[in-house]
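Here is the naming used below: chain letters follow the sequence lines, and residue numbers restart at 1 for every chain.
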Protein chains: 2
Amino acid sequence: MSQFSLDDFLPYQLAVVSARVSREFSQIYAEHFDMTVPEWRVLVHLHNAGPVSIREIQARVDMDKSKVSRAASRLEKAGFLTKETNAEDRRLLKLGLTEQGYARMEQIIPLADEFEQRLLKRMGADTDAFRDTLLKLLKEDS
Amino acid sequence: MSQFSLDDFLPYQLAVVSARVSREFSQIYAEHFDMTVPEWRVLVHLHNAGPVSIREIQARVDMDKSKVSRAASRLEKAGFLTKETNAEDRRLLKLGLTEQGYARMEQIIPLADEFEQRLLKRMGADTDAFRDTLLKLLKEDS
DNA sequence: TTGACATCGTTGCATTTGCAACGATACAAT
DNA sequence: ATTGTATCGTTGCAAATGCAACGATGTCAA
């Protein structure tokens, strides 16, 4: 009879830690603002990259395009971003932050930084090695 | 104006890696058998721990009790486990693997082992340190 | 030009999810 | 015994999710 411990199973460990960390962080900003993880990701990317299409966000932020689309619609209705069609390729949208969108990010980013600092403190000195290993896991196949 | 890179944000990195790894693994066994992640977790725990309650699984496997309950019902209908009420405390159930349930685990566990070996190979030598750091992230507060 | 094919963003739909009831059972205090 | 409180597993429900259409637009070749 084979032995197998779920506790030591790497995919399980990753899932548990990721879910807990993500939950912890989302509680921080859900407490102050009303925002979901997809919305947070869309706003962050727009804040960094400037006006881009749904497709571009989808690729850079690891979310299905329908998820990006719906998050963008909610954010538009809430006044954090605007949609306009790209004049050069009218299939594309150009999403851009509004003043209010920038202001909101300026409020949240410090909270994100602070949260990450707390995580790093928990992790101790091994931070860089940990991140490197994490990225190795993304490599396909083999 | 503050700078913030989602790519370097630890909760995001964790979420992406975890989702990818989990997806990759679930494809492996969804290809051979018809099973979801919650069902896999329930079966694994029963395989290790013997007959236990829903509550026990919930605590040890990091899932909401409704999730455990529904997974257990599906597994019961599929013939992989049985439910009986605990005689000493009739609020509790006692879930136990059937012959078929054991057989299914004996099929899947080798696939899980093989998959983990592939992950470890990707990660290189830093495996142990990585796991340690991962667990540190679970420590509450501060 | 036309036609075949690809890509964009949205939406419909079935499934899954988290959360809050709920009934049933246990237990402790009076 | 009765009452109040806690815990168990299930279920209802609203929201979120992934996936596959779909219409609209672009591209390229004949």
Note: for Thr36(A) and Asn86(A) on DNA chain D, the residue whose nearest nucleotide lies more 5' is Thr36(A)
In terms of the nearest nucleotide of DNA chain D, which residue is placed more toward the 5' end: Arg23(B) or Ile54(B)? Ile54(B)
When all nucleic acid strands are considered with a 4.0 Å heavy-atom cut-off, which category describes Arg74(B): base, sugar-phosphate, or nothing? nothing
Hphob cluster co-occupancy, Met63(A) + Val21(A), side-chain heavy atoms under 4.5 angstrom: yes
Is any side-chain N of the basic residue among [X] and [Y] closer than 4.0 Å to the acidic one's carboxylate O?
X         : Y         : answer
Arg122(B) : Glu24(B)  : yes
Arg70(B)  : Glu76(B)  : no
Arg131(B) : Glu116(B) : yes

Return the value, rounded to whole Å, for the distance between atom [atom1] of [X] and atom [atom2] of [N].
X        : N       : atom1 : atom2 : result
Gln58(A) : dT17(D) : CD    : P     : 15 Å
Lys67(B) : dT17(D) : NZ    : P     : 12 Å
Met63(A) : dT17(D) : CE    : P     : 9 Å

5'-most to 3'-most nt of DNA chain C touching chain B (<4.0 Å, heavy-atom partner on protein side) reads dT17(C) to dA26(C)
Closest-nucleotide ordering on DNA chain C, the 5'-leading residue of Glu88(B) and Arg55(A): Arg55(A)
Base dG18(D) paired with Arg70(A) side chain (donor-acceptor, <3.5 Å): yes
I'd like to check Leu111(A) versus His32(A) (side-chain heavy atoms, cut-off strictly below 4.5 Å). Are they in contact? yes
Near-strand residues of residues 39-53 of chain A, defined as heavy-atom separation under 4.0 angstrom from DNA chain C: Ser53(A)
Please tell me if Arg91(B) has a side-chain N or O lying less than 4.0 Å from either OP1 or OP2 of dT7(D). no
Could you measure the distance from the OG1 atom of Thr98(B) to the CG atom of Leu75(B)? Nearest 0.5 Å is fine. 9.5 Å
Indicate the ring-plane relationship of Phe130(B) and Phe130(A), choosing parallel, tilted or perpendicular according to the 30° and 60° boundaries. parallel
Any side-chain to backbone donor/acceptor pair from Ser22(B) onto Ala19(B)? Under 3.5 Å, distance only. no
Go through the steps to decide whether Arg55(B) and Leu93(B) satisfy the test side chain to side chain contact (heavy atoms under 4.5 Å, CB included), and finish with yes or no. CA-CA 9 Å; Arg55(B) 165 73 180 142; Leu93(B) 282 184; over 6 Å; no
